[in-house]
Asker: 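Please read through the structure below; I'll follow up with questions.
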Amino acid sequence: MSEPEPPPPPEPPDDEAIERGRKLFAQPCTFFFGAQQLDQLPPPGLPEIAFAGRSNVGKSSLVNALTGQKALARVSQTPGRTKQLNFFDLGGRLVLVDMPGYGFARASKDVKEDWQGMMFSYLQGRPTLRRAMLLLDARVSVKETDTQAMELFSKAAVPFQLVLTKADAVGAAALAAKQQEAHTLARRHAAGHPVVMTTSSDTGLGIALLRAELAAFAA
Ligand code: GDP
């Protein structure tokens, strides 16, 4: 059976939306909570956007590029804080949640199941969570743990959007193929957002668009 035609993609953000994104992300972004256990989550308040991806996908670099601050990298590199959910307040209008990186090759089965269990509970039980940004490295093939993460979001009924990172590090043809692959993957999941974002923290590619996309959720 042939697949149904996809609906046309939503319009890209206009200049006003880009400007709203710029202004929001020019606000201070401050770490305010680290949760190692789910009974320790901060009370739900502002709308939340979660960032997830394999270790080394470029998550810290991306959030630093978005906020123009090094706060996230510092917090994420603090021993003990890498394995927790880190909450950042952006200008009192949006909360960015840094999810621990998954996909450690050497992690034991128990550790992997632990990660899934804890993330699932967070995803499912968080009424303020508006979207999860799932980062994929444009240079490397999609791994089973990535598709598992997509399934986790779908099962928890959390809309997720795929974001390609390190787009500067691949050629145009490889990037186009990657975008196509990501698009197909997103469409395979009910919770997958039809627009795949393409970014580079090194060159700034896609950062303004991503800010605009996220600013739409700000209080
Ligand atoms: P995290 O573990 O997901 O937080 O990943 P990091 O942000 O620490 O980045 C992992 C590695 O990828 C580092 O060596 C970064 O320098 C590199 N990296 C991150 N973003 C980019 C990018 O946009 N382009 C390129 N070429 N490398 C990047």
Side-chain angles (χ1 to χ4, degrees), residues 21-22 25 29-36 48-88 90 95-107 111-112 114-116 118-119 122-123 131-150 152-153 160-179 181-182 185 195-214:
R22 189 193 65 75
F25 280 85
C29 184
T30 48
F31 171 77
F32 72 94
F33 206 95
Q36 258 164 4
E48 275 171 23
I49 303 288
F51 289 81
R54 292 170 60 80
S55 310
N56 219 42
V57 72
K59 188 153 50 74
S60 319
S61 305
L62 183 69
V63 179
N64 290 343
L66 284 169
T67 59
Q69 289 172 227
K70 298 259 184 275
L72 182 107
R74 257 204 315 276
V75 168
S76 304
Q77 279 158 18
T78 309
R81 284 197 171 162
T82 47
K83 286 270 178 285
Q84 59 185 27
L85 285 165
N86 290 316
F87 291 76
F88 297 83
L90 180 60
V95 168
L96 308 180
V97 184
D98 181 25
M99 297 180 76
Y102 57 78
F104 290 103
R106 280 168 293 145
V111 168
K112 286 175 185 166
D114 235 38
W115 187 94
Q116 290 220 350
M118 174 165 169
M119 291 312 117
Y122 161 70
L123 294 167
R131 189 177 287 178
M133 309 307 284
L134 179 53
L135 278 47
L136 298 175
D137 189 328
R139 301 174 311 178
V140 301
S141 56
V142 174
K143 302 286 196 300
E144 196 187 338
T145 43
D146 296 315
T147 45
Q148 282 170 352
M150 292 176 216
L152 209 63
F153 292 132
F160 70 87
Q161 183 165 22
L162 297 180
V163 179
L164 297 181
T165 60
K166 312 186 194 180
D168 62 281
V170 293
L175 184 59
K178 197 81 205 173
Q179 287 166 326
E181 181 190 9
L185 276 171
V195 174
V196 174
M197 314 277 314
T198 299
T199 65
S200 164
S201 306
D202 278 11
T203 66
L205 175 80
I207 299 299
L209 284 180
L210 186 50
R211 286 184 185 135
E213 183 82 24
L214 300 181

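In listed order, ligands and their atoms are each counted from 1. Quick caveat, the model's predicted, so the values are computed rather than measured.
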Asker: Pull out every atom of ligand 1 sitting under 4.0 Å from any heavy atom of D168, numbered as shown with elements.
Answerer: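 The list of qualifying atoms is 22 (C), 23 (O), 24 (N), 25 (C), 26 (N).
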Asker: Using a 4.5 Å cut-off on heavy atoms from C-beta on, say whether the side chain of I207 contacts that of L62.
Answerer: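 Touching, per the 4.5 Å side-chain cut-off.
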Asker: If you define the side chain from C-beta out and look only at heavy atoms, does anything of F32 sit under 4.5 Å from V95?
Answerer: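 Yes, side chains in contact.
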Asker: Identify, with sequence neighbours excluded, every residue that meets side-chain contact (heavy atoms from CB on, under 4.5 Å) alongside A208.
Answerer: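 For A208 the side-chain contact (heavy atoms from CB on, under 4.5 Å) partners, ignoring immediate neighbours, are I18.
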Asker: What do you reckon, does G58 have a nitrogen or oxygen under 3.5 Å from a nitrogen or oxygen of ligand 1?
Answerer: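 It does: an N or O of G58 is found under 3.5 Å from an N or O of ligand 1.
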Asker: When you compare the side chain of L205 with that of D168, does any pair of heavy atoms fall below 4.5 Å?
Answerer: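 The answer is no, as the side chains (C-beta and beyond) never meet within the 4.5 Å cut-off.
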Asker: Of all residues at least two apart in sequence or in a different chain, which pass the ring-ring contact (aromatic ring centres under 6.0 Å, His included) check with F153?
Answerer: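 Residues passing ring-ring contact (aromatic ring centres under 6.0 Å, His included) with F153: F160.
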Asker: Taking the non-hydrogen atoms of G53, is any one of them nearer than 4.0 angstrom to ligand 1?
Answerer: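 It does not; every heavy atom stays at 4.0 Å or beyond.
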Asker: Taking a cutoff of less than 4.0 Å between a non-hydrogen atom of the residue and any ligand atom, is T165 in contact with ligand 1?
Answerer: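 False for this residue.
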Asker: So is there a nitrogen or oxygen of S55 less than 3.5 Å from a nitrogen or oxygen in ligand 1?
Answerer: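 Min N/O separation from ligand 1 is not below 3.5 Å for S55.
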Asker: Which ligand 1 atoms are under 4.0 Å away from a heavy-atom of S61?
Answerer: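 Per the distance check, 6 (P), 7 (O), 9 (O), 19 (C), 20 (N).
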Asker: With a 4.5 Å cut-off on side-chain heavy atoms, are F25 and L214 touching?
Answerer: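 Side-chain contact under 4.5 Å: yes.
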Asker: V57 versus ligand 1: do any nitrogen or oxygen atoms come within less than 3.5 Å of each other?
Answerer: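 Right, the criterion is met.
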